[in-house]
Structure formats: structure tokens, C-alpha cells
Amino acid sequence: MLTKDDQAVWTIALAENFKRNSNASLPVEGDIVLYKAEMAENQPITLKIEK
């Protein structure tokens with residue numbers, strides 16, 4: 001969770017396609033998703049991992 005003035009602003013989540021490799025030297029695969037931390041319905045922002 002990212003906050004501003006002790007209030008939640010964004011929630012960070014791993015997308016369903018996110019895969020962590022057991023070998024730490026290999027890069028991770030998949031996306032990270034940001035959601036605005038508000039009660040209203042909102043569209044997530046997907047962050048792509050570049051290789």
C-alpha cells in the first residue's frame with residue numbers, strides 16, 4: 001500500500017500472470033497492478049515488466 005498523509009492512496013497487487021522463479025538470478029515474469037485505494041469502482045493500472 002502506498003500512502004500520503006497517513007491515508008491509503010494506492011494498493012499494489014501481483015497480477016495472475018506473475019511468476020517468481022525459484023532461481024533468484026532469473027528475472028520475474030508477469031505484471032504488477034496498481035489500484036486506487038478508494039471505495040468507488042475504478043480501473044486498475046497494469047505495470048509491465050520489461051525484459
Check your understanding: For the residue pair A15 and V33, what are the closest heavy atoms and their distance?
Key -> CB-CG2, 3.8 Å
Study note, to complete from the structure: Correct closest heavy-atom pair for T11 and A37 would be OG1-CB, 4.0 Å
**Study point:** Joint hydrophobic cluster, W10 plus L14, side-chain heavy atoms closer than 4.5 Å
**Key:** yes
Practice item. List the steps, then state whether side-chain contact (heavy atoms from CB on, under 4.5 Å) holds for I12 with L2. Key: CA-CA 8 Å; I12 303 169; L2 302 174; 3.9 Å; yes
[atom1] of [X] to [atom2] of [Y]: how many Å apart, nearest 0.5 Å?
X: Q7; Y: E38; atom1: CD; atom2: CD; answer: 13.0 Å
X: I45; Y: D31; atom1: CD1; atom2: CG; answer: 13.0 Å
X: F18; Y: E29; atom1: CZ; atom2: CD; answer: 9.5 Å

Check your understanding: Counting only heavy atoms not in D5, do more than 12 sit closer than 6.0 Å to its CG atom?
Key -> no
